[in-house]
Amino acid sequence: MRIGLTGGIGSGKSTVARWWQSRGVTVVDTDALAHELCGRQGQALPAIAERFGADFVHPEHGLERARMRAHVLAHPQARQQLEALLHPMIQTLAQARAAAAPGWVLFDVPLLVESKHWRTQVDRILVVDCAPETQIERVIRRPGWTREQALAVLALQATRPQRRQAADAWVDNSADDLQSLHRALEMLALHWGFSATL
Ligand SMILES: CC(C)(COP(=O)(O)OP(=O)(O)OC[C@H]1O[C@@H](n2cnc3c(N)ncnc32)[C@H](O)[C@@H]1O)[C@@H](O)C(=O)NCCC(=O)NCCS
Ligand SMILES: Nc1ncnc2c1ncn2[C@@H]1O[C@H](COP(=O)(O)OP(=O)(O)OP(=O)(O)O)[C@@H](O)[C@H]1O
């Protein structure tokens, strides 16, 4: 079984993914792969430096993330170029990680509903739904994020109705209540015939 997990920024995807991982499911986190490709000596850095300029790549730490975030939010074309460069690399790496995994695999993909590629790669789509105000609060707790940036990213992503429409199942993560979230996931796993491998 291949599950595609998605949700808006700060909705709780990583939190949900960790629950599945604790039950023995292999998690392939595409955000983490994007960070790997752009981290120190990451595979994507030469192409990024060529396309956007050397200023976007720190000699030791890799991609200047905050600078690139501000750049792509101000220039939609730059965002499309960055996505065109990174998404095929992320997809290839994700498939390689999944191929090596025994049993169930969960792909954590922020832009799953927005992507033609991902919808065909998974058997079930699980959506983490969350009230936008909660998403914003959670995101701006992170260092370097402004409310305006969080709102701008939210506006770029699929809407809650679009995600719900694509979902085979969804869990509500608007409340600060991990116990209820975990209970909902237990019930879903049971419903989908999952038995923990730990
Ligand atoms: C613009 C970048 C450098 C900003 O980095 P930053 O450290 O600030 O954010 P991070 O990568 O941790 O992403 C945080 C969240 O932002 C949202 N987000 C990221 N990229 C995008 C995008 N292209 N479109 C819409 N939302 C996005 C996602 O919800 C993601 O979970 C980075 O997000 C990036 O490289 N984006 C392009 C790759 C991409 O599309 N990644 C998301 C799917 S794998
Ligand atoms: N039910 C919850 N109760 C309290 N805090 C939560 C809950 N769910 C998530 N959080 C917190 O909110 C923040 C965002 O959650 P998480 O990182 O799981 O979201 P995400 O969707 O993976 O984010 P991103 O889109 O940025 O990758 C984290 O600090 C997390 O600990």
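When a ligand or atom number is given, it counts from 1 through the structure's own listing order. It should be emphasised that the depicted structure is a prediction, and the values quoted were computed from it without experimental measurement.
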For [atom], closest protein heavy-atom neighbour:
{"atom": "atom 1 (C) of ligand 1", "result": "Val72 CG2, 3.9 Å"}
{"atom": "atom 18 (O) of ligand 2", "result": "Thr15 OG1, 2.6 Å"}
{"atom": "atom 23 (N) of ligand 1", "result": "Glu83 OE2, 2.6 Å"}
{"atom": "atom 9 (O) of ligand 1", "result": "Trp145 CZ2, 4.0 Å"}
{"atom": "atom 1 (N) of ligand 2", "result": "Asn173 OD1, 2.7 Å"}
{"atom": "atom 24 (P) of ligand 2", "result": "Gly10 N, 3.6 Å"}
{"atom": "atom 25 (C) of ligand 1", "result": "Leu111 CD2, 3.5 Å"}
{"atom": "atom 7 (C) of ligand 2", "result": "Arg138 NH2, 3.5 Å"}
{"atom": "atom 44 (S) of ligand 1", "result": "Thr30 OG1, 3.6 Å"}
{"atom": "atom 19 (O) of ligand 2", "result": "Gly12 N, 3.1 Å"}
{"atom": "atom 29 (O) of ligand 2", "result": "Arg141 NH1, 4.6 Å"}
{"atom": "atom 25 (O) of ligand 2", "result": "Lys13 NZ, 2.8 Å"}

Mutual orientation of the aromatic rings belonging to Phe194 and Trp20 [parallel < 30°, tilted 30-60°, perpendicular > 60°]: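 Rings of Phe194 and Trp20: perpendicular, over 60°.
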Parallel, tilted or perpendicular: rings of Phe56 and Phe52 (30°, 60°): perpendicular
Say whether, by atom type as modelled, one donor and one acceptor occur between the side chain of [X] and the main chain of [Y] under 3.5 angstrom.
{"X": "His75", "Y": "Ala78", "value": "no"}
{"X": "Gln135", "Y": "Gly10", "value": "no"}
{"X": "Thr6", "Y": "Val109", "value": "yes"}

Counting only nitrogen or oxygen atoms and a 3.5 angstrom limit, does [X] reach ligand 1?
{"X": "Asp31", "answer": "yes"}
{"X": "Arg69", "answer": "yes"}
{"X": "Gln157", "answer": "yes"}

Is there a heavy atom of [X] sitting under 4.0 angstrom from any atom of ligand 1?
{"X": "Val139", "value": "no"}
{"X": "His35", "value": "yes"}
{"X": "His71", "value": "no"}

Rounded to the nearest 0.5 Å, how far apart are [atom1] of [X] and [atom2] of [Y]?
{"X": "Ile48", "Y": "Gln81", "atom1": "CD1", "atom2": "CD", "value": "11.5 Å"}
{"X": "Arg97", "Y": "Phe107", "atom1": "CZ", "atom2": "CZ", "value": "11.5 Å"}
{"X": "Asp176", "Y": "Thr134", "atom1": "CG", "atom2": "OG1", "value": "7.5 Å"}
{"X": "Leu33", "Y": "His87", "atom1": "CG", "atom2": "NE2", "value": "11.5 Å"}
{"X": "Arg18", "Y": "Leu106", "atom1": "CZ", "atom2": "CG", "value": "12.5 Å"}
{"X": "Arg124", "Y": "Met1", "atom1": "CZ", "atom2": "CE", "value": "3.5 Å"}

Might you check, step by step, whether the distance between [atom] and some protein heavy atom is under 4.0 Å?
{"atom": "atom 12 (O) of ligand 2", "result": "yes"}
{"atom": "atom 38 (C) of ligand 1", "result": "yes"}
{"atom": "atom 4 (C) of ligand 2", "result": "yes"}
{"atom": "atom 20 (N) of ligand 1", "result": "no"}

For [atom], which of the options [options] provides the nearest non-hydrogen atom?
{"atom": "atom 7 (O) of ligand 1", "options": "Arg65, Glu114, Gln149", "result": "Arg65"}
{"atom": "atom 34 (C) of ligand 1", "options": "Ile9, Leu82, Leu73", "result": "Leu82"}
{"atom": "atom 40 (O) of ligand 1", "options": "His87, Met89, Gln80", "result": "His87"}

Just so I know, are the side chains of [X] and [Y] near enough to count as touching, which here means a heavy-atom distance under 4.5 Å?
{"X": "Ile125", "Y": "Trp118", "answer": "no"}
{"X": "Asp108", "Y": "Ser14", "answer": "yes"}
{"X": "Ile9", "Y": "Pro110", "answer": "no"}

Test side-chain contact (heavy atoms from CB on, under 4.5 Å) applied to Gln91 and Thr30, step by step: CA-CA 8 Å; Gln91 288 158 9; Thr30 57; over 6 Å; no
Measuring from non-hydrogen atoms of [X] to any atom of ligand 2, is the shortest distance under 4.0 Å?
{"X": "Arg142", "answer": "yes"}
{"X": "Gly7", "answer": "no"}
{"X": "Ser11", "answer": "yes"}
{"X": "Ala175", "answer": "yes"}
{"X": "Asp177", "answer": "yes"}

If the cut-off is 4.0 Å to any non-hydrogen atom of [X], which atoms of ligand 2 fall inside it?
{"X": "Ser14", "result": "17 (O), 18 (O), 20 (P), 22 (O)"}
{"X": "Asp31", "result": "27 (O)"}
{"X": "Leu178", "result": "1 (N), 2 (C)"}

Stepwise salt bridge (Lys or Arg N to Asp or Glu O under 4.0 Å) check, Arg163 with Asp129: CA-CA 8 Å; Arg163 280 201 204 89; Asp129 187 47; over 6 Å; no
Cation-pi check, Arg69 onto Trp145 ring (under 6.0 Å, within 45° of axis):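 Yes; both conditions hold, so Arg69 lies above the ring face of Trp145.
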Steps toward side-chain contact (heavy atoms from CB on, under 4.5 Å) verdict (Gln121, Gln95): CA-CA 9 Å; Gln121 300 300 309; Gln95 298 306 349; 3.0 Å; yes
